[in-house]
Every structure is written in C-alpha cells, then in structure tokens.
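Reviewing the structure listed below.
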Number of protein chains: 2
Amino acid sequence: MPAPDLYRARMKAASRARTNSPAPFPQAAGSNCSAHNCHSCDVRSLSLCDALADSELSRLDRITRRHRTPAGATLIREGDPMTFACNITSGTVRLSRLLHDGRRQVMGFLFPGDFIGLTRRNRFVFSAEAITDTDCCNFALEDLETLSKDNPRLQRKLYEMACSELDAAQEQMLLLGRKSALERVASFLLEVRQRQLQQGDDEDCIILPMTRGDIADYLGLTLETVSRSFSRLRQEQVIEICETYRVDLLDCPRLQDLSGNS
Amino acid sequence: MPAPDLYRARMKAASRARTNSPAPFPQAAGSNCSAHNCHSCDVRSLSLCDALADSELSRLDRITRRHRTPAGATLIREGDPMTFACNITSGTVRLSRLLHDGRRQVMGFLFPGDFIGLTRRNRFVFSAEAITDTDCCNFALEDLETLSKDNPRLQRKLYEMACSELDAAQEQMLLLGRKSALERVASFLLEVRQRQLQQGDDEDCIILPMTRGDIADYLGLTLETVSRSFSRLRQEQVIEICETYRVDLLDCPRLQDLSGNS
DNA sequence: CGGCAGTTTGATCATGTTCAATCACAGTGG
DNA sequence: CCACTGTGATTGAACATGATCAAACTGCCG
C-alpha cells in the first residue's frame, strides 16, 4: 500500500529544497507559455505546443482536459483501455509493470514535458502513479488523431518523441542487460542530473522524489543493493547524500567513469 | 572474430530446413510486391510500401538503394554517422552495442520488413551485422525526409513503426530487469515463434540463425546459461532441439507458463 | 585425419538477493 | 513534551542464481 501522506511530505520538502521553486499548478493555470502565450502550454511548456502554429493552438486548447493528481494516486491502471494520451506539466510520475507474481519493473520516471501514449496497443500495459502532486493535460485519442491528421508538424513531433523514447529505452536495455549494480546506480544519477539540467536546475544537487524501492525496480535491482551502492558512492566521496531524496554529485567525471559509458 | 563461412553454412541449412523457402534476392530483384506490383517492395513486403499510394511509389523507387550483405559482414558500424535508413528485405540482422570493456548487449534481431533508422541521434549507437546473407533497401535520410514531408501516410507509418518498437523495447526491459534465466529463454523462443508466424511460417518448429552467444547477449545472460536453459527445457519435454539452430516447440502453453507472462 | 568454431556439461566462484535487525524521521496522541 | 507508531533507509549475514573457468563433444571443412 502506498503512503500518500509521506509522499506528499517528501514532495513538499523536495520542492522547498529547490532554489527557484516554480509556481504550482493552481496559480499557473491561467498563465501562458513563453513561446505562444497560450492556454494549453504550461510554465514548463507542454511538448505538443512546440509543434503547432499559433493559429492551431485554439484547436489544441479545445481538446485539452487538465487533471491534477495528488501524490500517491494513480493516473493509469495497467490494463485500462488506451482512450487518451497524457502530457505531464508538473510533478513526477512512475510508469511500472507487474509480473503475475508481483515482481515489478519501473519502465521510467516522467517529468514535466513527458508524454504518455506512444504505443500501438489498445490497452495500457503499464500503470502510471503520481510520485509527487502531478498536473497533466489529457487528450482523447480520437481528438488527437483528428488534430494530427491535418497537422504534419504535430505528426512529426509525435514521431520525434517516439524516437527519443526509443533511444532512451535502448540505453536502458544496455543498462539492464550488461551493467553491474554500481554502474546502474551511477548511470541513474547521471540520467536524473541530465533531466534536471533540461528543466533548468543547473546544479549538481539532484532531487530524487522516488523511493529507493522505485529506483531498484527501475534498475532491475533490490532496494538493498541500491542503498548499498549509494553508501559506497558516498564512502568514495563521489556523492553526498544531503537528505534521503537529495543527492550532491561531488565528482561527476568520476561518476561518468563508474557508469560504464567509457 | 566472426566466422562468415560457418554463418553462411548455418544460414543455408536453416534455409533448406524451411518448408517453403522463398526465392533468394538475386532472383527476386526483378519481382514485384503483391500489393503494388512495384519495384521497391520485395517478396516479403517492404514496410514503407504499405504507406504509399501507387502514384507515389516511383518516388520511393528513385531513392531506394538496394544492398546485399553476406553473412558475417557488417551493415553499420557503431559510431557511423546516421546518413541513411535501412529496410531489411531478406535475411537476419543483429543489432548490438558494446561497452568500452567489450561487454555486448544485442538490442534486437531484425527480420524481413524490419527497419533501421528510428532514432533522433546523428550517429548510429549500435552496429548491425548480417547473421545470414541479407538484402536491404537503403534510403538517404534527407531523401526520406523530403519524401515524408508531403506524405502524411508515410510520416504516420514511421510513427507507427517507432511506437511498435517502443512497445517491444519495453517488453524487453521487463525481461531484462525482472525475469529469471529460464523465463528469459522461454520468452525468447515464443518471441521468435511469433515473428516467424508473422512471416508465414506457421509451424512450431523455429529457426534460430543466431548463435547461443548472440542469444545470451540479447537476454542479458552468458552463453553457458542459455545452453543450460535449453537443455533443461529439453529434459522437461517442452522443446526438442532438432539441430543446434532448429528447435521444436513441443508444448507452447507450458512455454508460456515458463515465460513469466502469466 | 586434424583443426576450428560453436555447444554442452561440470565445478567453483561472486555478485546481488533474501532475510533480519537497527536506524532515522515525521506524525500522533497521552 | 515525549513516548509510540509507521514508513522507509541502512547495514549485516546467509544464501542462491547465474557467471566464470575448464574440459569434452559435435559437425564441418580443408
């Protein structure tokens, strides 16, 4: 059973810990994206907006359904019919898949700008759970298809997003198939750093809103092994664990070496 | 070092073993696909053809460069600039990635109809090697982009291929992250069966043109572990190893159970 | 026949898992 | 205010799965 309260506490603390914490959703709802000054885009930019000309944005607006999901709650349940796609605008989401006996594989962590729905299946094969309070924009699949039919740029954008995800998935296959526990954890820390750089947080102090168990299920390890790897990196002065969910990357070049990516 | 001669021998034997062995490339070069009666499509159907109206096929024809690669030879070297995409029309190709110290992860095996080039990177991050003699159609990336720019159906087809690959990659992440050795091997056999069903070989006797080492590097195991898993499945009467590279699936339901997919 | 590449099988080893105890921290209630 | 509780993290010890090392086997080709 998840513990929404604790998750929310973690989220709040993590949020506080960020130097320039962005305005949360309720305030941002009426604000406009810098590129288009439009309603559909959020502060952090809704990735589909980039693909649309100003004149087409109102159509996107009309098919957009905003949702807020509290930390610990479920956005999508494994097996749900795939009737909509979803764009995260704030928060962190965990995508995971279960084997019949309860073994879990976390397929990925989603941050603002990330998209759910790049699949040809007619049901979701993973569940999506909010790790922190999460805002997203949902689009009925048929609406999105209608819109993309006469929007080559939107179609192109979807294609590019799928390709990017594929690149990331292949990177993860290499990690899961061939890397040692320490290499996996080092790679993970660098991946999170990379994501947070893209978000504009340009420090070497990274926020990990997910639990050690989540990280373990993402890396194909147990939470104990993840914890031991963190400890070892700390002992070797490569990282500093400021708080459980806040890690300072003291020596990124070293971390790069340890990640196995030459 | 690869052993081209042996690979070729394996391929020939495997080919002979198929009941309805299709005509190899040299003869098929002038033949036309059933759907369009066109030059670009091969007997086994070139996936891009499906997306094009008859009138547009000549444009595809003009940018198509056919290649034959002998077994054991390299189509793409890791690090090569991504200047072209590639559609396999016959044969089997291995996509693999190396870690600096030589550990190898096989990202996938490609069969007729499969496509290389669904990425946003400007260099190939994997190498592609022909396991058997292989025919493919190459397209300069800029030509393909020009063509897809005013062909929404082609753009859509590329998007769908990327999504399919993504679904497959996520399946593989679950396998690599959470399945036991035996479950991985069982899943692999069923995957190959599924692929060969799609190719029209509707028997429970599957052909494995790749070596045990290739399979191991695909499943994140060692070749010894793969071999032992095969032996165990044989002992338990779930499969019969007719020849090294030909396996009879005696009990598919059982294999399904053993694969971990409930 | 001998050599070679690939496979199979056995014995030993090591990495990461499992089981278990303790710690840390926040929230809660007497 | 402080003990009590619950969740998650850390650390230790024993264990197991799969890796590594090694030898024998198979089939093909020269």
Side-chain angles (χ1 to χ4, degrees), chain A residues 1-14 16-17 71-72 101-104 131 175-185 208-217 219-235 239 241-247 260, chain B residues 1-14 16-17 71-72 101-104 131 175-185 208-217 219-235 239 241-247 260:
Chain A
M1 268 296 155
D5 292 332
L6 191 56
Y7 275 126
R8 203 168 297 130
R10 291 167 67 91
M11 182 275 298
K12 276 180 197 157
R16 250 183 280 113
D101 59 356
R103 280 172 290 175
R104 187 180 70 154
I131 292 178
L175 178 148
L176 293 169
R178 284 298 175 229
K179 288 190 182 179
S180 71
L182 199 69
E183 287 171 332
R184 293 180 200 205
V185 170
L208 303 174
M210 66 294 285
T211 67
R212 298 289 188 263
D214 290 338
I215 299 174
D217 285 344
L219 300 178
L221 301 168
T222 58
L223 65 91
E224 292 94 332
T225 301
V226 169
S227 181
R228 274 184 250 272
S229 301
F230 272 84
S231 297
R232 200 174 134 199
L233 289 173
R234 180 167 42 81
Q235 280 157 27
I239 64 172
I241 302 169
C242 314
E243 300 167 65
T244 302
Y245 44 86
R246 229 180 84 214
V247 175
Chain B
M1 270 296 156
D5 291 331
L6 191 56
Y7 275 124
R8 204 168 298 131
R10 290 166 68 91
M11 181 274 299
K12 277 181 197 157
R16 251 182 281 115
D101 59 355
R103 280 173 290 175
R104 187 179 71 155
I131 292 178
L175 179 147
L176 293 170
R178 284 298 174 230
K179 288 189 182 177
S180 71
L182 199 70
E183 287 171 332
R184 292 180 202 207
V185 170
L208 304 173
M210 66 293 286
T211 67
R212 299 288 188 263
D214 289 340
I215 299 173
D217 286 344
L219 300 178
L221 301 168
T222 59
L223 64 92
E224 292 95 330
T225 301
V226 169
S227 181
R228 274 184 249 271
S229 301
F230 271 84
S231 297
R232 199 172 135 200
L233 290 172
R234 179 167 43 81
Q235 283 159 23
I239 64 172
I241 302 170
C242 315
E243 301 166 64
T244 302
Y245 45 87
R246 230 180 83 214
V247 175

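Chain identifiers are assigned alphabetically (A, B, ...) following the order of the sequence lines, protein sequences preceding nucleic acid strands; residue numbering begins at 1 within each chain.
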### Query
Which part of the nucleic acid, if any, lies within reach of A/R234 when heavy atoms closer than 4.0 Å are counted: base, sugar-phosphate only, or nothing?
sugar-phosphate
### Query
Expressed in angstrom and rounded to an integer, what is the separation of A/Y245 atom OH from C/dA24 atom P?
16 Å
### Task
Find the distance B/R212:CZ to C/dT9:C1' and express it as a whole number of Å.
14 Å
### Query
Has A/T225 got a side-chain N or O lying under 4.0 Å from the OP1 or OP2 atom of C/dT17?
yes
### Task
Would you mind telling me which of D/dA19, D/dA9, C/dT8 lies closest to the side-chain atoms of B/T222?
D/dA19
### Task
In whole angstrom, give the distance that lies between atom CG of B/L208 and atom P of C/dT8.
11 Å
### Query
Would you say the side-chain atoms of A/R212 pair up with the backbone N or O of A/L223, donor to acceptor, closer than 3.5 Å?
no
### Query
Within this structure, what is the CD-to-P distance between B/E224 and C/dG10, rounded to whole angstrom?
14 Å
### Message
Taking the side chain as everything from C-beta on, heavy atoms only, tell me whether A/R232 gets closer than 4.5 Å to A/R228.
### Response
no
### Query
Closer than 4.0 Å, any side-chain N/O of A/R228 to the OP1 or OP2 of D/dT11?
no
### Message
Between C/dC25 and A/E243, counting only base atoms on the nucleotide and side-chain atoms on the residue, is there a donor-acceptor pair under 3.5 Å?
### Response
no
### Summary
What one should report as the nearest heavy-atom pair of B/I131 and B/P209 is CG2-O, 3.2 Å
### Message
A/V185 vs A/K179, test: side-chain contact (heavy atoms from CB on, under 4.5 Å). Steps then yes/no.
### Response
CA-CA 10 Å; A/V185 170; A/K179 288 190 182 179; over 6 Å; no
### Query
Taking atom P of D/dT7 as reference, at what distance in whole Å does atom CG of A/D214 sit?
16 Å
### Task
May I have the distance from A/L223 (atom CG) to C/dG16 (atom P), rounded to whole angstrom?
15 Å
### Query
Roughly how many Å is it from CZ in A/R246 to P in D/dA9, rounded to a whole number?
16 Å
### Query
Any sub-3.5 Å donor-acceptor pair from A/R178's side-chain atoms to B/R103's backbone N or O?
no
### Message
Please tell me if B/R232 has a side-chain N or O lying less than 4.0 Å from either OP1 or OP2 of D/dG18.
### Response
no
### Query
Just to confirm, is there a sub-4.0 Å distance from OP1 or OP2 of D/dT11 to any side-chain nitrogen or oxygen of A/S231?
yes
### Message
Applying a 4.0 Å non-hydrogen cut-off, can you work out what A/L221 is touching in the nucleic acid: base, sugar-phosphate, or nothing?
### Response
sugar-phosphate
## Note on the structure
Separation of C/dT7 atom P from B/I239 atom CD1, nearest Å, is 14 Å
### Task
Could you say whether A/R178 or A/F230 is positioned toward the 5' end of DNA chain D, judged by the nucleotide with the nearest heavy atom to each?
A/F230
